[in-house]
Amino acid sequence: MAKPNLRKPKKKIGPVKVTKVDEIDYKDTATLRKFISDRGKIRARRVTGVSVQQQRQIARAIKNAREMALLPYTGSGR
């Protein structure tokens with residue numbers, strides 16, 4: 001007979017809630033850089049731990065910031 005699991009798993013808090021950001025804005029480049037890899041790619045949802053809706057907002061904000069030349073397209077500058 002299997003033993004019952006006594007510990008409850010700790011609930012993971014998303015990085016957007018940790019930084020206490022209500023809305024993700026393309027002008028906030030310091031926050032957006034946390035969601036971009038060193039090669040300039042947008043990090044996956046499973047890596048960052050954000051929800052689907054937040055991932056869409058982050059991707060849209062990063063693309064807008066790149067269009068406005070606030071963020072680079074590539075990390076290495078090649």
Side-chain angles (χ1 to χ4, degrees):
M1 187 167 166
K3 291 183 179 180
N5 192 2
L6 300 176
R7 286 191 311 171
K8 289 184 180 179
K10 188 174 181 183
K11 189 167 181 177
K12 200 174 188 182
I13 300 172
V16 175
K17 294 205 180 201
V18 170
T19 56
K20 296 183 176 90
V21 176
D22 293 332
E23 191 171 324
I24 299 157
D25 192 18
Y26 73 93
K27 292 174 269 191
D28 189 8
T29 57
T31 304
L32 292 178
R33 286 185 192 275
K34 296 177 186 175
F35 300 101
I36 300 176
S37 70
D38 56 343
R39 302 187 119 204
K41 295 187 176 188
I42 300 172
R43 292 192 185 271
R45 227 185 107 232
R46 59 186 168 84
V47 175
T48 58
V50 295
S51 68
V52 175
Q53 292 84 3
Q54 290 169 340
Q55 181 70 15
R56 284 192 189 132
Q57 289 176 351
I58 290 166
R60 191 178 321 119
I62 289 173
K63 289 175 184 178
N64 284 341
R66 285 177 174 165
E67 188 73 24
M68 302 296 264
L70 299 174
L71 288 175
Y73 278 97
T74 59
S76 61
R78 287 189 195 185

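Every value quoted in this text rests on a predicted model; they were computed, and no experiment measured them.
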Could you state the interatomic distance from [atom1] ([X]) to [atom2] ([Y]), rounded to the nearest 0.5 Å?
X	Y	atom1	atom2	result
Ile62	Leu70	CD1	CG	12.0 Å
Lys34	Asp28	NZ	CG	8.5 Å
Leu71	Asn64	CG	CG	10.5 Å
Leu32	Arg66	CG	CZ	10.0 Å

For [X] against [Y], the heavy-atom pair lying closest together:
X	Y	answer
Ala61	Tyr26	O-CB, 3.3 Å
Gln55	Thr48	OE1-OG1, 3.9 Å
Ser37	Arg43	CA-NH2, 3.7 Å

Linked, directly or transitively: Val50 and Ile42 (ILVMFWY side chains, under 4.5 Å): yes

So do the side chains of Lys63 and Tyr73 get within less than 4.5 Å of each other, counting heavy atoms only? no

